[in-house]
Protein chains: 2
Amino acid sequence: MAVTDEAITKIKDMIISGELAAGDRLPPEKELSEKLGLSRSSLREAVKALEIIRVLDVRRGDGTYVTSLEPKLLTEAMTFIVDLHQDETILEIFEVRRMLEPAAAATAARLITAEQIATLRATMDNIDEQTSVESLVEHDLVFHGLITAAANNSYLESVLDSLSSSTVRARIWRGLTQEKAVDRTLSEHAAIIEALERGDIELTRALVTVHISGVEHWLRQAL
Amino acid sequence: MAVTDEAITKIKDMIISGELAAGDRLPPEKELSEKLGLSRSSLREAVKALEIIRVLDVRRGDGTYVTSLEPKLLTEAMTFIVDLHQDETILEIFEVRRMLEPAAAATAARLITAEQIATLRATMDNIDEQTSVESLVEHDLVFHGLITAAANNSYLESVLDSLSSSTVRARIWRGLTQEKAVDRTLSEHAAIIEALERGDIELTRALVTVHISGVEHWLRQAL
DNA sequence: GCAAAGCAAACATCAGACCATTAGACTGTT
DNA sequence: AACAGTCTAATGGTCTGATGTTTGCTTTGC
């Protein structure tokens with residue numbers, strides 16, 4: 001194994017073993033490179049890789065720290081990869097979303113607070129068929145993100161968020177606009193909010209399933 | 001933004017734009033560093049980061065290539081992070097599995113082939129209450145992996161695989177062994193195989209839900 | 001034609017220098 | 001005492017250039 005990969009493994013092991021905990025600061029690059037027996041440049045490659053997947057947080061002029069390691073931090077690394085897939089595999093992504101989102105929404109229907117419902121409702125303001133695609137994408141991301149968040153499971157949130165990369169959404173909304181299906185999508189959103197508010201778990205699940213499947217169906221035709 | 005991060009973004013953009021396709025070879029480090037306007041060392045940090053998340057494949061003495069970019073390659077980067085979480089968040093991971101695996105198994109019940117069923121059955125051979133924990137973990141990983149694979153969705157496979165890091169499984173099986181629950185788990189596996197073979201979608205879904213929930217329930221007590 | 005040797009290209013690693021930023025100590029003012 | 005500004009040491013960011021190692025291809029010799 002290359003020295004850089006060894007360094008990555010060693011740092012990972014230091015975290016798993018508890019030698020380094022969330023929030024801890026690593027020794028300075030010079031010191032750590034000596035301790036691990038490699039040059040500073042090679043160590044830096046390892047640190048950069050761990051930074052990308054959000055395991056380390058490097059603060060210039062200060063030091064390098066272990067992140068909070070919250071599952072939510074998964075998102076960006078995954079999104080990075082999802083962004084690179086924008087063709088056939090989108091349908092596979094939608095299939096996963098169709099499995100997860102209804103379940104997430106059903107859980108949310110049990111747990112959601114009045115305040116969260118109000119926030120959800122606010123995302124519907126100033127949105128109609130004339131709204132720009134950018135605003136629609138923004139609304140859609142926030143809408144689904146809020147529901148997912150209400151399910152109170154950061155892994156779930158992380159996985160769903162990353163399956164919903166905004167580049168992918170933008171493409172879809174652009175298509176929907178052309179198909180004049182914006183109105184239908186928005187009324188589905190409104191129906192979902194009502195079901196959530198009534199705490200109707202099964203109705204929420206069904207509405208979300210229909211909602212996701214609708215977009216999926218359109219997408220399947222479009223491709 | 002630091003030059004290294006700029007380089008990461010630029011390489012990513014070259015892939016999204018199609019300038020670099022899956023399997024393509026990047027220019028040599030020296031040349032690329034000049035083109036992107038940074039030093040070779042900094043570029044190497046960027047390349048290393050992209051290698052870790054399986055976007056690039058560096059072959060010493062040969063060159064650097066864009067990987068196949070298949071969703072399955074997601075797994076390792078995600079597993080890396082899941083490995084780091086072995087305490088409270090395990091329950092969140094199980095909740096996501098409980099949402100996804102029954103749906104995945106239901107899809108598998110529609111699509112699975114006789115050959116795949118035979119492979120699945122073979123994983124039950126030589127496994128009983130006296131088997132070592134290592135073998136149980138291996139069996140369990142393969143068992144669930146095969147079902148997921150039969151659902152024919154590489155994103156789904158990737159996400160579920162990474163939520164099932166073997167370190168986590170090992171801990172759970174160790175606990176189950178102590179609780180003498182191995183037998184029950186194995187007979188549940190057998191029942192799932194039968195339901196899959198009969199193509200009984202709803203029964204498969206129910207059995208998998210019960211199966212996952214059972215482990216989840218034990219885990220909730222243990223923590 | 002084929003196998004071995006040689007070569008050039010490409011990545012791997014290192015050492016050392018200098019720049020840029022930050023946190024914290026220090027200092028002076030109010 | 002409280003605050004604001006300044007200074008400084010520590011730390012990461014970047015670059016240069018040299019050397020080692022591996023690989024794929026070409027050349028050579030039979």
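Lettering of chains follows the sequences in order, A, B, ..., and the numbering in each one begins at 1.
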Any A/S42 side-chain N or O less than 4.0 Å from OP1/OP2 of C/dA12: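 No.
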Residue pair B/T119 / B/Q116, side-chain donor-acceptor N/O under 3.5 Å: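 Result is no, nothing qualifies.
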CA sep, side-chain torsions, deciding dist, call: B/E51, B/K48, salt bridge (Lys or Arg N to Asp or Glu O under 4.0 Å): CA-CA 5 Å; B/E51 188 189 8; B/K48 189 76 206 178; 3.2 Å; yes
Could you tell me the separation between the [atom1] atom of [X] and the [atom2] atom of [N], rounded to a whole number of Å?
{"X": "B/L38", "N": "D/dC15", "atom1": "CG", "atom2": "C1'", "value": "10 Å"}
{"X": "A/E34", "N": "C/dC14", "atom1": "CD", "atom2": "P", "value": "12 Å"}
{"X": "B/Y65", "N": "C/dA9", "atom1": "OH", "atom2": "P", "value": "15 Å"}

Contacts of B/R110 that satisfy salt bridge (Lys or Arg N to Asp or Glu O under 4.0 Å) - sequence neighbours left out: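 Checked B/R110 against salt bridge (Lys or Arg N to Asp or Glu O under 4.0 Å); zero matches.
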CD1 on A/I127 to OG1 on A/T185, rounded to 0.5 Å: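 Atom-to-atom, A/T185:OG1 and A/I127:CD1 are 12.0 Å apart.
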Separation of A/L56 CG from A/T64 OG1 (nearest 0.5 Å):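 Nearest 0.5 Å value for the OG1-CG distance: 7.0 Å.
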Selection residues 96-107 of chain B - residue pairs positive for side chain to side chain donor-acceptor pair (under 3.5 Å), sequence neighbours left out: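 Sorted pair list: B/R97-B/E101, B/R98-B/E216, B/E101-B/H144.
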Strictly under 3.5 Å: I want the nitrogen or oxygen pairs between protein and nucleotides 10-13 of chain D, one per line.
from, atom 1, to, atom 2, distance (Å)
D/dT11, OP1, A/R25, NH2, 2.9
D/dG12, OP2, A/E29, N, 2.9
D/dG13, OP2, A/R44, NH1, 2.6
D/dG13, OP2, A/R44, NH2, 3.3
D/dG13, N7, A/R40, NH2, 2.7
D/dG13, O6, A/R40, NH1, 3.2

